[in-house]
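Below is one structure, written out as structure tokens; the observations come after it.
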Amino acid sequence: MELDQIVDIPRYLGQASRDEAIAAARRSLAEEGSAVFEGFVLPDAVETMLAEAQRAHDGFYRRDARYSAYLAAEATGGEDHPTRRLHRYALDAVANDRLEPHGALSFLYRHPAFVQFIADALKEPQLYPLGDPMLGLTLTYLNPGDEHGWHFDANDFVVSLLLREPQNGGTFEFAPFIRSQADPQFDKVDAIMSGNRTGLRSIRAKAGTLALFEGRRSLHRVSPVEGERTRVIALFSYDRRPNLVHDDAVHLRTFGRTLAQA
């Protein structure tokens, strides 16, 4: 397997195109907290990766619950305050240890040129694949009716690759930089949670699209999936430190177990 069998090299990783893609990504991240690379993965490679995802789906962990958009420590006010409002989070999750270790997804996740591309786009000197056997490369499946409710991220960035788009719905929606450390802007957050779409952006991506998102300050969600086709997405986790491993509490919350598959 070679990288040019997976990634559209001339468009994104050629000598000139890489610099242009990095510059465009940095501008978009600075302006909206997101960067999108349409057609980053070639169609044949998307099909290969989707087949891997379908084989791995048998080992999924089902999550269907309601959560606050905020960390518990951020809760304030009464029951109707935006920090206490609950939003549905429904999906199937597959851990890294269910995936084929020598498959196309794992190959891309760990390829040095790909990792450095992500680091450069995010203005990070160096990023490393996780040492975690469960939470490095993961898959999520949003079945018809599933959704990711409104939330802020606790981590600095998310790297995702869409493997299959739904027939309808399943749209990524976000309010760029709606809050800051100095001003949480609860009134604006509450308005969006109540259906006001002022200032919202949306991304309706096609399979093969790579996306970077900085969601600590931007409220976001994936709208309910409609139709008969499941939305399938790969999530690539990196850290500024090598060989990061999450604790059992994170594993249990994410996959319902603490031990990796042998």
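Bear in mind the structure is a predicted one, so any value in this text is a computation, not a measurement. Because only heavy atoms are used, hydrogens play no part in the values below, and waters and symmetry mates are left out as well, while side chains stay in.
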- Query: Hey, are H87 and H151 close enough side-chain-wise for a donor-acceptor pair under 3.5 Å?
  - Reply: no
Ring-ring centroid check [X] [Y], cutoff 6.0 Å:
| X | Y | value |
| --- | --- | --- |
| Y70 | F152 | yes |
| F37 | Y12 | yes |
| Y141 | H57 | yes |

- Between F236, F157, F172, which is the residue that forms a ring-ring contact (aromatic ring centres under 6.0 Å, His included) with F213?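 Only one of F236, F157, F172 forms a ring-ring contact (aromatic ring centres under 6.0 Å, His included) with F213, namely F172.
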- Query: Backbone N or O of E2 within a donor-acceptor pair of the Q5 side chain at under 3.5 Å?
  - Reply: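 Yes: the side chain of Q5 pairs with the backbone of E2.
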- So, S28 side chain and A24 main chain: donor-acceptor pair closer than 3.5 Å or not? no
Salt-bridge present ([X], [Y]; N to O < 4.0 Å):
| X | Y | answer |
| --- | --- | --- |
| D190 | R85 | yes |
| R84 | E79 | no |
| R179 | E74 | yes |
| R240 | E124 | yes |

- Item | Heavy-atom pair of closest approach, residues S237 and L130 | O-CG, 3.6 Å
- Task: For Y109 and V115, work out which heavy atoms get closest and say how close.
- Result: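 The pair with the smallest heavy-atom distance is O-CG2, 3.5 Å.
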- Query: Is it true that atom CZ of R257 has more than 12 heavy atoms of other residues, nucleotides or ligands lying nearer than 6.0 Å?
  - Reply: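 Result for CZ/R257: enclosed.
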- Query: So Y89 and H148, would you call those rings parallel, tilted or perpendicular, with 30° and 60° as cut-offs?
  - Reply: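 Parallel.
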- What orientation do F117 and F40 show, parallel under 30°, tilted 30 to 60°, or perpendicular over 60°?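 Because their plane-to-plane angle lies in the 30° to 60° range, the rings of F117 and F40 count as tilted.
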- Query: Given side chains that start at C-beta, do those of L212 and V158 come closer than 4.5 Å, heavy atoms only?
  - Reply: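 Heavy-atom side-chain distance check fails, nothing below 4.5 Å.
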- Item | L91 CG to T230 OG1 distance, which is reported to the nearest 0.5 Å | 11.5 Å
- Kindly determine whether D156 and R217 satisfy salt bridge (charged side-chain N to carboxylate O under 4.0 Å, His left out), including the steps that lead there. CA-CA 9 Å; D156 289 334; R217 294 169 51 201; over 6 Å; no
- Note on the structure: The side-chain contact (heavy atoms from CB on, under 4.5 Å) partner of L219 among Q185, M193, E173 is M193
